[in-house]
Amino acid sequence: QVQLVESGGGLVQAGGSLRLSCAASGGTFSRYAMGWFRQAPGKEREVVTAISWNGGITDYGGSVQGRFTISRNNAENTVYLQMKSLKPEDTAVYYCAADRTFGLHARASEYELWGQGTQVTVSS
């Protein structure tokens with residue numbers, strides 16, 4: 001069973017950048033589609049972006065399109081989320097998720113495994 005640990009969160013000013021990492025251990029990382037989700041206080045968890053097992057397919061939520069980039073390095077068992085032009089509304093706990101599929105999932109309910117989350121706070 002794969003375990004996921006996110007890192008890279010923090011406090012950044014609006015317009016700044018952050019790169020989140022999600023390190024996987026305990027399984028065959030390359031068999032899993034990966035996703036990034038976020039949840040702000042009082043709001044439902046929403047999809048940020050997702051990537052297929054080999055990185056060949058990606059998908060993005062509309063609010064982050066053009067600003068965020070997901071990538072993965074299967075040799076390093078890590079998926080990344082590069083975030084640029086950050087806005088205060090991007091403030092949330094960011095979670096990575098994994099599911100053993102060759103496809104791509106955009107809904108939280110479709111992911112089997114979750115990390116503990118990392119806080120991203122964007123100040124105005």
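All residue numbers refer to positions in the sequence shown, counting from 1. Values reported hereafter were calculated over all heavy atoms of this structure, with side chains retained and with hydrogens, waters and symmetry mates removed.
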Expected output: side-chain Glu6 to main-chain Cys96 donor-acceptor under 3.5 Å: yes

ILVMFWY network linking Val48 to Leu113, side-chain heavy atoms under 4.5 angstrom: yes

Rounded distance (nearest 0.5 Å) linking atom CZ of Phe37 with atom OH of Tyr95: 12.0 Å

Side chains of Met34 and Leu4 in contact at under 4.5 Å (non-hydrogen atoms): yes

Heavy-atom pair with the smallest gap, counting every atom of Val120 and Leu20: CG2-CD2, 4.0 Å

Short side-chain to backbone donor-acceptor contact, Tyr94 and Gly9, under 3.5 Å: no

Least distance between heavy atoms, Thr78 atom then Ala23 atom: OG1-CA, 4.2 Å

Separation between OG1 of Thr49 and CD of Gln65, rounded to the nearest 0.5 Å: 8.5 Å

Any donor-acceptor N/O pair, Arg19 side chain to Gly8 backbone, under 3.5 Å: no

Heavy-atom check, side chain of Met83 versus side chain of Trp36, under 4.5 Å: no

Check: Glu112 and His105 side chains under 4.5 Å, non-hydrogen atoms: no

Of all pairs that satisfy salt bridge (Lys or Arg N to Asp or Glu O under 4.0 Å), the ones with a partner from residues 86-100, not counting sequence neighbours: Arg38-Asp90, Arg67-Asp90

Value rounded to 0.5 Å, distance of OH in Tyr80 from OG1 in Thr69: 14.0 Å

Pairs touching residues 48-61 that satisfy salt bridge (Lys or Arg N to Asp or Glu O under 4.0 Å), sequence neighbours left out: none

Verify same cluster id: Val93, Leu18 (apolar side-chain graph, 4.5 Å): no

Closest heavy-atom pair and its distance - Asn74, Ser30: ND2-CB, 3.5 Å

Side-chain (Thr91) to main-chain (Val122) donor-acceptor, under 3.5 angstrom: yes

Distance-only side-chain donor-acceptor flag, Asn73 / Ser71, under 3.5 Å: no

4.5 Å side-chain heavy-atom contact, Val47 and Arg107: no

Nearest heavy-atom neighbours spanning Tyr111 and Trp114: O-NE1, 3.5 Å

Side chain Asn77, main chain Gly27, donor-acceptor under 3.5 Å: no

Heavy-atom donor-acceptor pair, Glu46 side chain to Glu44 backbone, under 3.5 Å: no

Tyr60 (side chain) donor-acceptor with Ile70 (main chain) under 3.5 angstrom: yes

Closest approach of Ala14 to Ser124 (non-hydrogen atoms, all atoms of both residues): CB-CA, 4.3 Å

Nearest heavy-atom neighbours spanning Val2 and Tyr32: CG2-CE1, 3.4 Å

Hydrophobic cluster membership, Trp53 vs Val79, 4.5 Å side-chain cutoff: no

